[in-house]
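In this text the structure is predicted, and so the values were computed from the model without any measurement. All chains are named by letter (A, B, ...) in the order of the sequence lines, taking the proteins before the strands, and each is independently numbered beginning at 1.
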There are 2 protein chains.
Amino acid sequence: MATILEVAKVAGVSKATVSRVLSGNGYVSQEKREKVFEAIAATGFRPNLLARNLATKSSQTIGLVITNTLYTGSYFTELMQHSARLMEQQGRQLLLVDGKHSAEEERAAIQFLLDLRCDGVIIYPRFLTTDEMDNIIAQHNQPILVINRRLRQHDSYCIYSDQQRSSAEAVEQLIALGHRDIAFITGSLDSPTGRERLAGYKAALQKQGIAVDEGLIVAGKWQAQNGMAAVNALVAQGRNFTALVASNDDMAVGALKALAQHQIAVPAQVAVIGFDDIPLAPFTIPALSSVKMPVTEMIQETIERLIAMLDGGEMRNDKMFSGELIVRESMGPGPHNNL
Amino acid sequence: MATILEVAKVAGVSKATVSRVLSGNGYVSQEKREKVFEAIAATGFRPNLLARNLATKSSQTIGLVITNTLYTGSYFTELMQHSARLMEQQGRQLLLVDGKHSAEEERAAIQFLLDLRCDGVIIYPRFLTTDEMDNIIAQHNQPILVINRRLRQHDSYCIYSDQQRSSAEAVEQLIALGHRDIAFITGSLDSPTGRERLAGYKAALQKQGIAVDEGLIVAGKWQAQNGMAAVNALVAQGRNFTALVASNDDMAVGALKALAQHQIAVPAQVAVIGFDDIPLAPFTIPALSSVKMPVTEMIQETIERLIAMLDGGEMRNDKMFSGELIVRESMGPGPHNNL
DNA sequence: TTGTACGCGTTATCAG
DNA sequence: CTGATAACGCGTACAA
């Protein structure tokens, strides 16, 4: 690999001059400038970013850490698409590294990006606790922004939506329509998101004076098959419910499938809490509603805030996003489904 | 950020010694070793990978370039999952950067990774031509492996499957079952994969002496909605067909949806050519078959070969993978569907 | 306008 | 076993 020094020799100038035409900083005569360009072409020179970043102490690069358990579904897709596009506009490079499947590995991934001297890193955590993240942020100079968690000590470093409220609103909609026996399929309860959505469900019921029936709550792990299993379990146990809320799109789809198999006509309302519009558009089913989580807005806010920190240094306050309930068709009360 | 020099001072040794305990190379007394560890902990030292990689001329890092138009569906998921897991076993870091949406940008992404001195890079191209890739590979020292393309000049640098053959086999299956009027939904024809699958369809027909009816070929762009539109078009034009092959899973799903809407009982066989098992498991529909493309095997072969090049230097020959037809249920001939 | 010389943080060579 | 010291490739004050 040709270095800047070889280019300098070929062009008959000093490395400083080459460096100047490369960076555009400083004056250099037209004549030498052309010599340099020729030499660059002749040698096939490429700048060594390691050396450059080491010298400049900056890399125009931003790291992103995502657990590979999230490499699934349209949520990840949307996240990546928008991140990439926004970074492109900013003229910076986005580097994705796998957060694997444990807190330790998520931490290592962040550390790697930091050691590589990325200007900043964004993490969509799955296993790290908020306290651990608060610590990590406190220990480093580079800004580390966190999506989908609320941190206690670093308000301006986290971007999140009110998961509990979004979940509660979906349930409240159903209650307003006259439903009282509302089943709920949880997400993984080792994830804060899963817990918050469950909490929203319970809060909505209690607020309306409806007793929480633990028998109507079935544990899931975000996968479609969990949705099917949940409905099968409810049916096997002979539970009564006229509506069902699943903690994300995938499980809702599974639930719908199972409902159909059990020949349960779907006035048994189904509210889907999840990300994005349901990814199975061609199979959209009547009576399917959804809470659209603001992925797009959050990633945009995250990147904008990060850039602001890098450029300006001035920090903005936190901001909370909220999910939006998408009603696909009238969710009228319908007949009680006695299974 | 504490440097190795500060650690040395705190520990009362030279930087060379610190470097030794860090790398594990060279002898160092137990006493000093402990001093160093203490100093590291005290200063919160973290190695600067830019400096390290610059000095070592190697980073245990491999870059991966994928166009963001592929950030969708289970194919990408599987690709990322496996890549990450395999790299993890190898003790190397995987860096994903966006290939965006043009040949120029794909080239830039590769260049970036190269400039960052990744040990090697893997690209899953979408817009770059094979000739361009041959050039790129020829111009660089670091190994650049290509998935899903067959290169003319660098056999050992590409891993691919025989798309045309896989496609042809699916069609041949249908022909063997007695089908003669087989519709085909193409992928984007600006992609080699799309063209090869179409070629396979035509080849299979011709081999059996069945004339290719251009009216049964409908253009799609890999998306579910294209599958729906294609079926709608076929119906609107009053085409006769007893079987349908879609160029990937997503379009097959859309096609199935449309077939259902048109009340076409599905003895109109549907063969799906696509990647992976169909991702919509809960909605699997009778008479749906699929060609499982060997993503897993290909990415594994790619990484193994790359590692071999980096470690050994000895190069292996190319190897072609083939898709495997997954028959979900008997694809018996069924009644002719006269639309 | 251009060149010299030093620094960036590590590794690696070579005396001691 | 340990410590100077020279790379690694590039940016940049400083001097000319």
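- At whole-Å resolution of the value, CG in A:Leu116 and P in C:dG9 are 15 Å apart.
- In this structure A:Glu132 satisfies the salt bridge (charged side-chain N to carboxylate O under 4.0 Å, His left out) test together with A:Arg107, sequence neighbours excluded.
- OP1 or OP2 of C:dT10 has not a single side-chain nitrogen or oxygen of B:Ser19 nearer than 4.0 Å.
- DNA chain C is contacted by B:Phe45, B:Arg46, B:Pro47 of residues 22-47 of chain B, taking any non-hydrogen atom closer than 4.0 Å.
- Between A:Gln142 and A:Arg117, the shortest heavy-atom contact is NE2-CA, 3.7 Å.
- Considering only heavy atoms from C-beta on, B:Leu113 comes within 4.5 Å of B:Val97 through its side chain.
- We find that CG of B:Asp115 is positioned 14 Å from P of D:dG9, with the value rounded to whole Å.
- Contact between A:Ile147 and A:Pro125 at its shortest, heavy atoms only, is O-CD, 3.2 Å.
- Toward the 5' end of DNA chain D, the nearer of the two residues A:Ala16 and B:Arg117, judged by each one's closest nucleotide, is B:Arg117.
- A:Arg126 and A:Asp190 are joined by a salt bridge, as a carboxylate oxygen and a charged side-chain nitrogen come within less than 4.0 angstrom of each other.
- Contact between the side-chain N/O atoms of A:Thr17 and the OP1/OP2 oxygens of C:dG3 is found at a separation under 4.0 Å.
- Put simply, the side chain of B:Arg46 never gets that close to the backbone of A:Asp115: no donor and acceptor are under 3.5 Å apart.
- Residues from residues 3-10 of chain B with heavy atoms under 4.0 angstrom of DNA chain C, sorted by number: B:Thr3, B:Ile4.
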Between A:Asp134 and A:Arg152, is a salt bridge (Lys or Arg N to Asp or Glu O under 4.0 Å) present by the stated rule, with each step listed?
CA-CA 7 Å; A:Asp134 264 326; A:Arg152 279 212 288 274; 5.7 Å; no

Stepwise, does the salt bridge (Lys or Arg N to Asp or Glu O under 4.0 Å) test hold for B:Arg305 with B:Asp311?
CA-CA 10 Å; B:Arg305 200 183 293 184; B:Asp311 290 349; over 6 Å; no

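- Following rounding to the nearest Å, A:Arg20 (CZ) and D:dC14 (P) show an atom-to-atom distance of 14 Å.
- Contact annotation for A:Val13: backbone-only contact, meaning every heavy-atom pair under 4.0 Å involves sugar-phosphate atoms and none involves a base.
- Taking the C1' atoms of five terminal pairs at each end of the helix from C:dT1-D:dA16 to C:dG16-D:dC1, the two resulting helix axes are inclined by 40°, rounded to 10°.
- Applying a 4.0 Å cut-off to non-hydrogen atoms, the residues of residues 50-60 of chain B that approach DNA chain C are B:Ala51, B:Arg52, B:Ala55, B:Thr56, listed by residue number.
- With hydrogens and angles disregarded, no donor-acceptor distance shorter than 3.5 Å links the side chain of A:Ser188 to the backbone of A:Ser191.
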Less than 3.5 Å apart, which donor and acceptor atoms pair up between the side chains of residues 35-44 of chain B and the rest of the protein, not counting sequence neighbours?
| from | atom 1 | to | atom 2 | distance (Å) |
| --- | --- | --- | --- | --- |
| B:Thr43 | OG1 | B:Ala39 | O | 2.8 |
| B:Thr43 | OG1 | B:Ile40 | O | 3.3 |
| B:Thr43 | OG1 | B:Phe45 | N | 3.4 |

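- Side chains of A:Arg150 and A:Tyr160: a donor-acceptor N/O pair is present below 3.5 angstrom, by distance only.
- Residues B:Thr193 and B:Asn148 have side chains that bring a donor and an acceptor to within less than 3.5 angstrom of each other.
- The two residues B:Leu128 and B:Glu106 make their nearest non-hydrogen contact at N-OE1, 2.9 Å.
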